[in-house]
Amino acid sequence: MLDYFDADVSGRDLAHGKPHPELFITAAHELGVPPELSVVMEDASAGVEAAKAGAMGAIGIARKDDAELLAAAGADIVVRTLDEVDLVALSDGRLAVAGASG
């Protein structure tokens, strides 16, 4: 699967774990993308906190009954599947849930 990714920072011996943003900042750097133009997809509140601490957008993926925890951690949007992400909004640089008003 690594052929599908432009950067792989998994398994690195980094100085800090989540909720520190080091992992995501490292990935953005290796991709050549400024953190503020990056979006993290996370299923854990510590990961959402790390993304927000790194000035990144955060999509919380509620895999269990944890949507409120992801929202409380600062997720810009919370979805159950990535199919719920509004792709038109995403292409405009915004995070929104498909079919949501506002």
Side-chain angles (χ1 to χ4, degrees):
M1 279 193 61
L2 292 177
D3 292 341
Y4 293 100
F5 297 95
D6 293 329
D8 176 19
V9 295
S10 64
R12 298 263 181 102
D13 188 21
L14 300 173
H16 306 282
K18 298 174 193 173
H20 194 280
E22 182 180 22
L23 177 72
F24 297 139
I25 297 292
T26 300
H29 175 71
E30 289 191 11
L31 290 168
V33 177
E36 60 274 8
L37 297 179
S38 301
V39 176
V40 171
M41 291 166 257
E42 256 295 338
D43 64 350
S45 58
V48 169
E49 290 173 16
K52 299 313 290 181
M56 300 174 169
I59 298 174
I61 303 171
R63 295 185 315 137
K64 301 176 184 170
D65 194 19
D66 57 356
E68 289 181 14
L69 290 174
L70 296 168
D76 295 291
I77 61 172
V78 177
V79 296
R80 288 176 285 123
T81 73
L82 292 178
D83 292 331
E84 296 176 25
V85 176
D86 184 330
L87 297 180
V88 173
L90 188 61
S91 69
D92 289 339
R94 298 178 292 112
L95 293 175
V97 176
S101 60

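Predicted, not measured: the structure shown is a model, and the values here were computed from it. What you see below is based on every heavy atom in this structure, not just the backbone, and it leaves out hydrogens, waters and symmetry mates.
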Can L95 and L90 be said to form a side-chain contact (heavy atoms from CB on, under 4.5 Å), step by step? CA-CA 6 Å; L95 293 175; L90 188 61; 3.7 Å; yes

Under a 4.5 Å side-chain heavy-atom rule over Ile, Leu, Val, Met, Phe, Trp and Tyr, are M41 and V33 clustered together? no

side-chain hydrogen bond (donor to acceptor under 3.5 Å, both in side chains) partners of residues 72-85, not counting sequence neighbours, each pair once: K52-D76, R80-E84

Determine whether V78 and L87 fall in the same hydrophobic cluster, where Ile, Leu, Val, Met, Phe, Trp and Tyr are linked whenever their side-chain heavy atoms lie under 4.5 Å apart. no

Could you go through residues 17-28 and list every donor-acceptor pair under 3.5 Å that involves a side-chain atom there, pairing it with any protein atom two or more places apart or in another chain?
residue : atom : partner : partner atom : Å
K18     : NZ   : E42     : OE2          : 2.6
H20     : ND1  : E22     : N            : 3.1
E22     : OE1  : A15     : N            : 3.0
E22     : OE1  : H16     : N            : 2.7
T26     : OG1  : E22     : O            : 2.8

In terms of heavy-atom contacts, A96 and I77 come closest through O-CD1, 3.6 Å

Might you confirm whether atom CG of D92 has over 12 heavy atoms from other residues, nucleotides or ligands at distances under 6.0 Å? yes

Please tell me whether F5 and V9 are part of a single hydrophobic cluster in this structure, the criterion being side-chain heavy atoms less than 4.5 Å apart. no

Are V39 and M56 connected in the hydrophobic side-chain network, where two residues link if heavy atoms are under 4.5 Å apart? no

Return all side-chain donor-acceptor pairs below 3.5 angstrom for residues 59-75, not counting sequence neighbours, or 'none' if the list is empty.
residue : atom : partner : partner atom : Å
R63     : NE   : D43     : OD2          : 2.6
R63     : NH2  : D43     : OD2          : 3.2

